[in-house]
Amino acid sequence: MAGTRTSTEQTVLQKFYRDYLNGSHILHYHNVLDAFGHLSFRHPLNPNIFIMSRNAAPATISSPNDLIEYYVEDSKPVDPNAAAGFLERHIHSECYKRYPGVRSVIHSHSEAVVPYTFSGVPLRACYHMAGFLGLEVPVWDIEDAQRPGDISDLLVRNVHLGSSLANSFAGSKQDGNDLPQHTVVLMRGHGFTVLAGNMEECVMRAVYTQKNAMIQTTALMTRAADLQTDKASKAIKYLSQKEVDDTTWSIPQSAHRPWKLWLREVEACNLYVNSA
Ligand SMILES: [Zn+2]
């Protein structure tokens, strides 16, 4: 992938490759990704290109040779002879296309989150680590975006499905925003997609989206059990608008702390190899 880059450019890229491999391993370690799902990042030197791994389980990728450059415009590989890529890479390309400030995207099938994609129970920001979820997390229903001839396997297989998903994050450059209104969108019967301005923050948001879902499920079950015995049980109290705003500002300032811990966890686990 190096081409004719200068040594400075190659040094910059090498750090992104290393972070990408670490990020993929961290997401697997925390069960946000299993054999499926993927992380990507916008090329730091060319905003019209994004990078993600070849079609492989994220835990098993180990080298920059596993990574492929794609054009944001149409999700085609820069190298026509590149290895096979992920079918759902249109999720990533369409989000990069619509939101110039997005520099990393994660798509997950987290089993903790999936119940909130089809049950009608809205996912809500429950605690300070997940204020980035905002007051509302949209649910995108692929059925609404399908056209005659599309396969109904819930996968984002083409540009128009990816574009529809990207639109559901709302907000755009036309509105004066490089970043979307929402950071996370749930995908009915499938999983979720999360966007961020850098890879570390995207990984952090994905992990804490899953933790928030687990906490909310526990709270709903606790409340249901309490209602059996105490009909006057208090309502669940989610984060307010001000709490959402203030935690979204403050929590990322400590992003280095979980990243360093998660890095040590994957370095200490011999399942993962990172040669970048
Ligand atoms: Zn998927």
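Start at 1 and go down the list; that is how both ligands and their atoms are numbered.
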- Query: Could you walk me through whether N22 and N274 pass the side-chain contact (heavy atoms from CB on, under 4.5 Å) check?
  - Reply: CA-CA 7 Å; N22 285 330; N274 187 344; 2.9 Å; yes

- Query: For Y29, does the OH atom sit with more than 12 other heavy atoms under 6.0 Å from it, leaving out its own atoms?
  - Reply: no

- Message: Does E143 have more than 12 heavy atoms from other residues, nucleotides or ligands lying within 6.0 Å of its CD?
- Response: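 For E143, atom CD is not crowded (no more than 12 foreign heavy atoms under 6.0 Å).
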
- Message: Applying ring-ring contact (aromatic ring centres under 6.0 Å, His included), can you list everything that pairs with Y20, at least two apart in sequence or on another chain?
- Response: F41

- N/O donor-acceptor pair under 3.5 Å between S164 side chain and L161 backbone: no

- Fit a plane to each ring of H92 and H38, take the angle between them on a 0 to 90° scale, and name the class: parallel (under 30°), tilted (30 to 60°) or perpendicular (over 60°).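 Ring orientation, 0 to 90° scale: tilted.
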
- Near the Zn ion (ligand 1) (protein N/O/S, cut-off 2.8 Å, waters excluded) we have E88 OE1, H107 NE2, H109 NE2, H190 NE2

